[in-house]
Amino acid sequence: MERSRPPYEPLSEALDMQGLPRSAVVPVESAPEPPPRDHLVWSICTMLYANVCCLGFMALVYSVKSRDRKVLGDYSGALSYGSTAKQLNITAVVLSIALFALAIFIIILAANGTITAMKSFMNEQENHPLYGPT
């Protein structure tokens, strides 16, 4: 089997490495920074399910403003509006959870008070029965 020659030509013996450049600088552009988030979907869900004191609606307004700024190329304005929308969403969700927990707590206390009152009434009826008008 015959050995084939490589597809490139080897350097000649007379050429040394002194004449060749030692390194090459290749400029590489970094990847563009991703645009800031506008939290639009989260704001829509907050507006529909956790709209305490209209905070969900305000978060939606700031999310739309952030998206508009992003389209215009104003990334600092988009970042500002997006972070405001995020803070409003967090506040609305936390307040909704707190109000829901408070409502459950009040319902449990009311049910407990009703049960206690009924037991007291039944106990009093057993000790002093009323047989009708006298």
Side-chain angles (χ1 to χ4, degrees):
M1 184 160 182
E2 187 178 318
R3 197 169 222 199
S4 65
R5 290 186 66 168
Y8 56 86
E9 290 188 30
L11 290 175
S12 65
E13 297 296 329
L15 187 63
D16 61 356
M17 295 301 288
Q18 296 297 334
L20 297 175
R22 292 185 179 254
S23 65
V25 177
V26 179
V28 177
E29 291 184 23
S30 63
E33 191 173 307
R37 297 188 61 182
D38 53 14
H39 307 287
L40 184 66
V41 175
W42 187 14
S43 297
I44 290 172
C45 290
T46 303
M47 186 189 72
L48 293 176
Y49 299 114
N51 198 11
V52 177
C53 298
C54 294
L55 290 176
F57 178 71
M58 290 304 299
L60 180 65
V61 168
Y62 277 100
S63 294
V64 170
K65 284 184 177 185
S66 174
R67 182 160 285 195
D68 290 344
R69 289 292 168 183
K70 189 169 37 172
V71 168
L72 292 175
D74 180 16
Y75 288 142
S76 64
L79 183 65
S80 174
Y81 284 129
S83 66
T84 303
K86 180 180 177 182
Q87 292 170 355
L88 287 170
N89 281 323
I90 290 172
T91 304
V93 168
V94 167
L95 283 176
S96 293
I97 291 172
L99 287 175
F100 184 72
L102 182 66
I104 289 177
F105 182 70
I106 289 173
I107 289 171
I108 289 172
L109 284 180
N112 190 23
T114 304
I115 291 171
T116 303
M118 287 301 292
K119 283 184 181 179
S120 173
F121 178 74
M122 295 300 276
N123 192 15
E124 194 172 308
Q125 283 292 345
E126 287 177 2
N127 292 338
H128 304 291
L130 293 176
Y131 292 111
T134 55

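Keep in mind the model is a prediction, meaning the values are calculated, not measured.
Of all heavy-atom pairs spanning Ala78 and Lys70, the tightest one is CB-N, 3.8 Å. Closest approach of Val52 to Ala92, counting heavy atoms only: CG2-O, 4.1 Å.
For the residue pair Asn89 and Thr46, a side-chain donor N or O sits within less than 3.5 Å of a side-chain acceptor on the partner. Between the side chains of Asp68 and Ser66, no donor-acceptor pair is found at a separation under 3.5 Å.
In this structure a side-chain-to-backbone donor-acceptor pair under 3.5 Å is missing from Ser63 to Ser43. Looking only at distances, a side-chain donor or acceptor of Asn51 sits under 3.5 Å from a matching main-chain atom of Gly56. A distance-only check finds no donor-acceptor pair linking the side chain of Ser120 to the backbone of Thr116 [under 3.5 Å]. Thr91 places a side-chain N or O within 3.5 Å of a backbone atom of Gln87 that can act as its donor or acceptor partner.
Taking hydrophobic clusters as Ile, Leu, Val, Met, Phe, Trp and Tyr residues chained together by side-chain heavy-atom distances below 4.5 Å, Val94 does not share a cluster with Tyr49. Note: the hydrophobic cluster containing Phe105 does not contain Leu99 (ILVMFWY, side chain heavy atoms under 4.5 Å, direct or indirect links). Note on Tyr81 and Tyr75: separate hydrophobic clusters, where clusters join Ile, Leu, Val, Met, Phe, Trp and Tyr whose side-chain heavy atoms are under 4.5 Å apart, directly or indirectly. One hydrophobic cluster, built from ILVMFWY side chains closer than 4.5 Å, cannot hold both Ile97 and Leu88; they sit in different ones. Linking Ile, Leu, Val, Met, Phe, Trp and Tyr residues whenever their side-chain heavy atoms come within less than 4.5 Å leaves Ile107 and Leu102 in two separate clusters.
A 4.5 Å side-chain heavy-atom check between Trp42 and Ile90 finds at least one atom pair inside the cut-off.
A distance of 12.0 Å separates CZ of Arg37 from CG of Leu79, quoted to the nearest 0.5 Å. Going from atom CG of Leu55 over to atom CE of Met47 covers 13.0 Å, rounded to the nearest 0.5 Å. Between the CG atom in Asp38 and the OG atom in Ser83 there is a gap of 12.0 Å [rounded to 0.5 Å].
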>> Between Phe100 and Ile104, does the side-chain contact (heavy atoms from CB on, under 4.5 Å) criterion hold? Intermediate values first, please.
In response: CA-CA 6 Å; Phe100 184 72; Ile104 289 177; 3.3 Å; yes

